[in-house]
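This report concerns only the one structure given below.
Given the structure is predicted, the values throughout are model-derived calculations rather than measurements. Atoms within each ligand, like the ligands themselves, are counted from 1 in listed order.
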Amino acid sequence: MHAKINQIFSKDGKLSQNIKGFAPREAQREMALQIATIVEKNEDLVCEAGTGTGKTFAYLVPILLSHKKVILSTGTKPLQEQLFFRDLPTVRKALGVPVQTALLKGRANYLCRFRLDNTRQSGFLFNDLASVDHLERVHEWAGRTYSGDIAELSEIPERASIWSQVTSTTDNCLGQHCPDYEECFVVKARREANDADILVINHHLLFADMSLQTGGLGELLPGAEVVVLDEAHQLAEIASNFFGLRLGSRQLLDLAKDSAQAEVLEAEGNADITTLATEMEAGIRDVRRAFGNVPERGSWQLLEKNKDFQEKLENLKSQLDGLEAALEKIAERGKTLENCHRRAEELKTQLQFILQFASGDERVRWYEYYNQGFALNLTPLSVANQFQEYRETQKRSWIFTSATLSVAEDFQHFCAQLGLENPHSQRWESPFDFRHTALMYVPQDLPQPSQADYTEKVIQAALPVLKLSEGRSFLLFTSYRALQIAEDILSDMSKQDFPWPLLVQGQQPRAELLSQFRTLGNAVLLGTGSFWEGVDVRGDALSCVIIDKLPFASPGDPVLEARIQYLREQGANPFFDYQLPQAVIALKQGAGRLIRDVSDRGLLMICDPRLVEKSYGRTFLDSLPGMPKTRYLDVVKRFFAQFK
Ligand code: SF4
């Protein structure tokens, strides 16, 4: 196998011969060899491959040659599609191996024929013309689609309300009792997934499937002999969402709506359910209004003294009990009523569980609310044991990879989070020449980030740099609030002082913004959250990345607070064992936006003075690619001048 892989990655190998622009890279070949060995021996590997290593091809080649059943999981749907529609077919074709592949998304991505028919038959009243139009389009498309993947109907926005009416959840799917079961797109996609040699999924789907609490079936993993997890740095966070319990107003509202609809379809003349469902909808709105003056996310303790909230929640609980009892009486009259009754029972149990939760069982109880709704959560403080248990159900090979897994060349933090004990581990640094193509600039005289006017000062320091880079920059913020302040300042500036197109996250969909950024060639983009990761802009359009603060998680976050407390109780040091490594990984991701190609060059400006003033700043510096550093604007000026 090793000889074959060496040949495939060589100058005149199959990849060079068949893939335009393929250039052999030593680190990529080494990584492929390492993965081949691990897969052969049925062992585990944690590996970090710096930007430009070509890690996707490095794992695709050995798994395509392995003759084993493989699950490939990545972080997001767009990455999943890129892997399935672009990278996997390219390498498979280049190698000429007849391997059967399949793409599987979460069930919310597939049309549910049964719910589509119900929505049409019950004369479900949408209160806007757009939804009526969308319903007709979906109906027309349903007759001609092969996969039922709603991404095919891109003319209907992802957020359109029609989708929740014509797709299923684990709650409302009738499964084998469904009259459309044989024609069901979800069932079909899952069958194809089972038959495939290589199945491409995403981490959300993987953990949903593992998690019985969220109705997972545990059906994906049993057949797999190898699991490759790309973008593995996201795993612990995603796992904790699925291994926990989340009861949202959306689930309750859906139950109310579906129950009323089921009554019309299966128990006509019995108006009780509709009345109870309407009352429950009002009860849900009452709870939302009763949160009062607390932060949008917070520990449950903040609500304990809020009498109004407790009363409204108790009232909602009674309404749910009432609806469940009424559904029980008529459940046998139809499959949808039976399904609604089962869901009402489950939600009742979950609400009860959350209300009676006693602290100390290694979970944190917390709430969040937004404009229209709310959620009550129980989140595990560590997913290590649960994840480890799943891994132990069957011996198979697990490959964890990402460009950002290590902290100062150490994988301890990543392994501890997932309960991985002594896996093989390896790092391959980026092959890009950071020493000659990049510069890190930490401006002098910026105040501590806790200072009230910090963002204003960051913008003042960034403006001369933007002049030197002639726009062509990302400004990445650690909070939405800071992004808004920056937007206010920059959009108020005159054309003379700020002559570059300003793009701001949230103005348009992310893909649209990035496409504009590439086309404009001199734009300045303000981003937070998702713009720190998975954004790939090559060439001169992105020549400067400016980061406002070291990305420590917000100290007010209820899950973080509880984890800190938990680690303290375990005798660990929460800052060094958790907060710092998390922030290092996030900074590596943000900084990783800058140099994406062998011919890229650019400036990384990190405004936070703690990077050089605090002793822990060393850990950040030791984790970033080695590049020259300066605190002087003159050096930045010379850096950009050499590329003119
Ligand atoms: S089996 Fe479930 S998802 Fe499939 S059509 Fe029926 S209700 Fe919808």
Indicate yes or no: does Arg120 engage Glu136 in a salt bridge with an N to O separation below 4.0 Å. yes

Can you tell me if Gln589 and Thr404 form a side-chain donor-acceptor pair at under 3.5 Å? yes

With the threshold set at 4.0 Å, does a side-chain nitrogen-carboxylate oxygen contact exist between Asp258 and Arg343? yes

Inspect the contact between Asp286 and Arg289 and indicate whether a charged nitrogen and a carboxylate oxygen are less than 4.0 angstrom apart. yes

Spell out the protein N/O/S atoms under 2.8 Å from atom 4 (Fe) of ligand 1 as residue plus atom name. Cys184 SG

Arg342 bridged to Glu346 by N-O distance under 4.0 Å: yes

Could you label the plane-to-plane angle of the Tyr369 and Phe291 rings as parallel, tilted or perpendicular, counting under 30° as parallel and over 60° as perpendicular? tilted

